[in-house]
**Student:** 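Provided herewith is a single structure, encoded as structure tokens, for subsequent inquiry.
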Amino acid sequence: MEWLRLFFLHPVSFYQGAAFPFAFLFNYLCIMDSFSTRARYLFLLAGGGALAMAAMGPYAVLVFTPAVCAVALLCSLDPQQVHRWTFCFQMSWQTLCHLGLHYTEYYLHEPPSVRFCITLSSLMLLTQRVTSLSLDICEGKVEAASGGIRSRSSLSEHVCKALPYFSYLLFFPALLGGSLCSFQRFQACVQGSSALYPRYSFWALSWRGLQILGLECINVAVSRMVDAGAGLTDCQQFECIYVVWTTAGLFKLTYYSHWILDDSLLHAAGFGSELGQSPGEEGYVPDADIWTLERTHRISVFARKWNQSTARWLRRLVFQHSRAWPLLQTFAFSAWWHGLHPGQVFGFLCWAVMVEADYVIHSFANEFIRSWPMRLFYRTLTWAHTQLIIAYIMLAVEVRSFSSLWLLCNSYNSVFPVVYCILLLLLVKRKHKCK
């Protein structure tokens, strides 16, 4: 079948699919009483190392090196200083790797290696886990191992104390994708008893498989429509709106499929159950909330629900610690974390302005629109406008290059974000006059 061939020809999908037998094996071994907690950590770490070598080849050293350095920093610094230093080191390393991609694409004009692109994606996920763990230590949610490392213990004892950190940063179900798992949740899932909690559900995994099947069938149909029509370079006037909307639909379908596959792997390994949920902690939330994303009429809701674990991570890492312009700082950091390609910088900054406009416009509308027919008309109109703006932003982020970005900005699609910008300026001006 064509959808099956296209889906598993994607490198990340292939390696994620190959990891499923090891995820099921991990669950089977967890049921056995002889499989100790230390053996579980080692199994996850060894699986991560093997998967990295298979998927990235020699580029795997670009992931192993910061992981080792991050653990060294986590185990040697004071809890109050650990987040600052690990954040600076990790983002500096990731930025240097992204600059290597810039050099290949924009200076040498050569297509980057597929293995190098997989490495960069894994490195971005590693940054999430490193900074999440360092914040937990800094906030006192996780006990730091720095005291134990500084004591006069043997080398083997030091390594044993650092083993959970190594395993968390490189465990194979989350190495190439998946929702961000906190260290507390990871530790609870590894140490938890399978007899008390079901680690995965066969029916839940079957349902996810059917979702992937459906999404890939739709993906094939939409890709045929896109291939049969004009491209962004050939479209004219209003035709460009249809081209951007359908092309963005392909990107969304691809993201949904991969997120569900990543979520399935985490569930198969036992990290998607309620086993690791601490009191007061939000339970496991998958990255793909397709129902909410496709029916919302609010750009702000789309921003919170698109790649949910990353959105929550950005909120905790940047938004909650920003004193001025937190929204702009959050989206600017997201552009930095993604690699600072021209399209990404433009797309994420545009997204920040659109979210700000969304708050103002809907606040104004809620005050003046009372009747349900007008509310229905308003929701329908803003839903269509939201979908077209999101398609515009998504294409800007994905095309990345100056030439493609210029074509997008010169098309009729720019009308939709411009309308929101004008409404933002008018409503803010009106609000100041009322005050």
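Just so it is clear, the structure is predicted and the values come from calculations on it, not from any experiment. These numbers come from the heavy atoms of this one structure, side chains and all, not from hydrogens, waters or symmetry mates.
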**Student:** Parallel, tilted or perpendicular for Phe333 and Trp336, by the 30°/60° rule?
**Tutor:** perpendicular
**Student:** Would you say Ile260 and Asp287 make side-chain contact, with heavy atoms under 4.5 Å?
**Tutor:** no
**Student:** Could you please spell out the steps behind the side chain to side chain contact (heavy atoms under 4.5 Å, CB included) verdict for Thr246 and Leu250?
**Tutor:** CA-CA 6 Å; Thr246 52; Leu250 278 178; over 6 Å; no
**Student:** Has the side chain of Arg304 got a donor or acceptor atom that lies under 3.5 Å from a matching backbone atom of Ile299?
**Tutor:** no
**Student:** When you compare the side chain of Phe346 with that of Trp351, does any pair of heavy atoms fall below 4.5 Å?
**Tutor:** no
**Student:** Which pairs pass salt bridge (charged side-chain N to carboxylate O under 4.0 Å, His left out) with one or both residues in residues 322-335, sequence neighbours excluded?
**Tutor:** none
**Student:** Could you note down all residue pairs passing salt bridge (charged side-chain N to carboxylate O under 4.0 Å, His left out) where residues 253-267 supplies at least one of them, sequence neighbours left out?
**Tutor:** Arg208-Asp263
**Student:** What I'd like to find out is whether the side chain of Val130 reaches to under 4.5 Å of the side chain of Phe87, using heavy atoms alone.
**Tutor:** no
**Student:** Can you label the angle between the Phe416 ring and the His385 ring as parallel, tilted or perpendicular, going by 30° and 60°?
**Tutor:** perpendicular
**Student:** Is it the case that more than 12 heavy atoms not belonging to Tyr255 sit under 6.0 Å from its OH atom?
**Tutor:** no
**Student:** Do the side chains of Leu99 and Tyr103 get nearer than 4.5 Å, heavy atoms only?
**Tutor:** no
**Student:** Under the side chain to side chain contact (heavy atoms under 4.5 Å, CB included) criterion, do Leu317 and Arg312 qualify, and how do the steps go?
**Tutor:** CA-CA 9 Å; Leu317 183 70; Arg312 285 184 293 162; over 6 Å; no
**Student:** Of all the heavy-atom pairs spanning Gly347 and Val397, show the shortest one and how long it is.
**Tutor:** CA-CG2, 4.0 Å
**Student:** Atom CD of residue position Glu294 - does it have more than 12 heavy atoms of other residues, nucleotides or ligands inside 6.0 Å?
**Tutor:** yes
**Student:** Any ion pair linking Asp136 and Arg316 (charged N to carboxylate O, less than 4.0 Å)?
**Tutor:** yes
**Student:** When rounded to the nearest 0.5 angstrom, what is the spacing between CG in Leu29 and CG in Leu25?
**Tutor:** 4.5 Å
**Student:** Does the side chain of Trp337 come within less than 4.5 Å of Phe348's, by heavy atoms?
**Tutor:** no
**Student:** Side chain to side chain contact (heavy atoms under 4.5 Å, CB included) between Cys421 and Val353: does it pass, once the steps are laid out?
**Tutor:** CA-CA 7 Å; Cys421 288; Val353 176; 3.9 Å; yes
**Student:** Under 3.5 Å, is there a donor-acceptor pair between the side chain of Arg129 and the main chain of Leu180?
**Tutor:** no
**Student:** Just verifying a value: how many Å separate Phe271 CZ and Leu266 CG, rounded to the nearest 0.5 Å?
**Tutor:** 8.0 Å
**Student:** With sequence neighbours excluded, give me every salt bridge (charged side-chain N to carboxylate O under 4.0 Å, His left out) pair touching residues 93-111.
**Tutor:** Glu105-Arg400
**Student:** Is there a donor-acceptor contact under 3.5 Å from the side chain of Thr296 to the main chain of Arg298?
**Tutor:** yes
**Student:** Ring pair (Phe, Tyr, Trp, His ring centres under 6.0 Å) for Tyr165 and Phe183? Distances and angles first, verdict last.
**Tutor:** CA-CA 8 Å; Tyr165 290 167; Phe183 180 74; 5.4 Å; yes
**Student:** Please say whether more than 12 non-hydrogen atoms of neighbouring residues, nucleotides or ligands are located less than 6.0 Å from CD in Gln320.
**Tutor:** yes
**Student:** On a heavy-atom basis, which atom in Pro173 and which in Leu265 lie closest, and how many Å separate them?
**Tutor:** O-CD2, 3.7 Å
**Student:** Tyr256 vs Trp259 aromatic rings, parallel, tilted or perpendicular, using cut-offs 30° and 60°?
**Tutor:** tilted
**Student:** Any side-chain donor paired with an acceptor under 3.5 Å for Gln90 and Thr131?
**Tutor:** no
**Student:** Judged by atom type as modelled, is there a donor-acceptor pair below 3.5 Å linking the side chain of Thr86 to the main-chain atoms of His83?
**Tutor:** yes
**Student:** Within the distance-only criterion (no hydrogens, no angle test), does the side chain of His102 pair as donor or acceptor with the backbone N or O of Gly339 below 3.5 angstrom?
**Tutor:** yes
**Student:** Has the side chain of Ser334 got a donor or acceptor atom that lies under 3.5 Å from a matching backbone atom of Phe331?
**Tutor:** no
**Student:** Would you call the rings of Phe20 and Phe24 parallel, tilted or perpendicular, where under 30° means parallel and over 60° means perpendicular?
**Tutor:** tilted
**Student:** Tell me every residue that passes disulfide (SG to SG under 2.5 Å) with Cys240, counting only those two or more places apart in sequence or in another chain.
**Tutor:** Cys235
**Student:** Run the side chain to side chain contact (heavy atoms under 4.5 Å, CB included) check on Cys75 and Lys161 step by step: do they pass?
**Tutor:** CA-CA 9 Å; Cys75 294; Lys161 290 177 180 178; over 6 Å; no
**Student:** Evaluate the ring planes of Tyr168 and Phe171, with Trp represented by its six-membered ring, and classify them as parallel (under 30°), tilted (30 to 60°) or perpendicular (over 60°).
**Tutor:** parallel
**Student:** With a sphere of 6.0 Å drawn around CZ of Phe22, does it hold more than 12 non-hydrogen atoms of other residues, nucleotides or ligands?
**Tutor:** no
**Student:** Roughly how far, to the nearest 0.5 Å, is the CG atom of Leu42 from the CG atom of Leu163?
**Tutor:** 5.0 Å
**Student:** Are side-chain heavy atoms of Glu356 and Tyr420 found at a separation under 4.5 Å?
**Tutor:** no
**Student:** Calculate, to the nearest 0.5 Å, the distance between atoms CE and OG belonging to Met56 and Ser122 respectively.
**Tutor:** 3.5 Å
**Student:** Using 0.5 Å steps for rounding, measure from the CZ atom of Phe26 to the CZ atom of Arg40.
**Tutor:** 6.5 Å
**Student:** Should Leu175 and Leu125 count as side-chain neighbours, where that means a heavy-atom distance under 4.5 Å?
**Tutor:** no
**Student:** Taking all atoms of both residues into account, what is the closest heavy-atom pair of Met354 and Pro417, and its distance?
**Tutor:** CE-O, 3.4 Å
**Student:** Closest heavy-atom contact between Val12 and Leu176?
**Tutor:** CG1-O, 4.1 Å
**Student:** Listed by chain and number, what are the ring-ring contact (aromatic ring centres under 6.0 Å, His included) partners of Tyr412, not counting sequence neighbours?
**Tutor:** Phe238
**Student:** Any side-chain to backbone donor/acceptor pair from Ser404 onto Val399? Under 3.5 Å, distance only.
**Tutor:** no
**Student:** Verify whether one side chain among Glu216 and Ser257 offers a donor that lies under 3.5 Å from an acceptor in the other.
**Tutor:** yes
**Student:** When you measure from the side chain of Ser121 to the backbone N and O of Cys117, does any donor-acceptor pair fall under 3.5 Å?
**Tutor:** no
**Student:** Taking only residues two or more places apart in sequence, or in another chain, which ones meet Tyr392 in a ring-ring contact (aromatic ring centres under 6.0 Å, His included)?
**Tutor:** none
**Student:** First locate atom CG of Asn219, then atom OG1 of Thr254, and finally report the distance between them rounded to the nearest 0.5 Å.
**Tutor:** 4.5 Å
**Student:** Please answer whether the main-chain N or O of Asp358 pairs with a side-chain N or O of Ser300 as donor and acceptor at a distance below 3.5 Å.
**Tutor:** no
**Student:** Please report the closest heavy-atom contact between Cys409 and Ser414, naming both atoms and the distance.
**Tutor:** O-OG, 2.7 Å
**Student:** Can you give me the closest heavy-atom contact between Ser167 and Leu44, atom names plus distance?
**Tutor:** OG-CB, 3.6 Å
**Student:** Within a reach of under 6.0 Å around CZ of Phe402, are more than 12 heavy atoms found that belong to other residues, nucleotides or ligands?
**Tutor:** no
**Student:** Please examine the side chains of Cys97 and Leu123, heavy atoms only from C-beta on, and report whether any two atoms are closer than 4.5 Å.
**Tutor:** yes
**Student:** Okay, side chain of Gln344, backbone of His341: is any donor-acceptor separation there less than 3.5 Å?
**Tutor:** yes
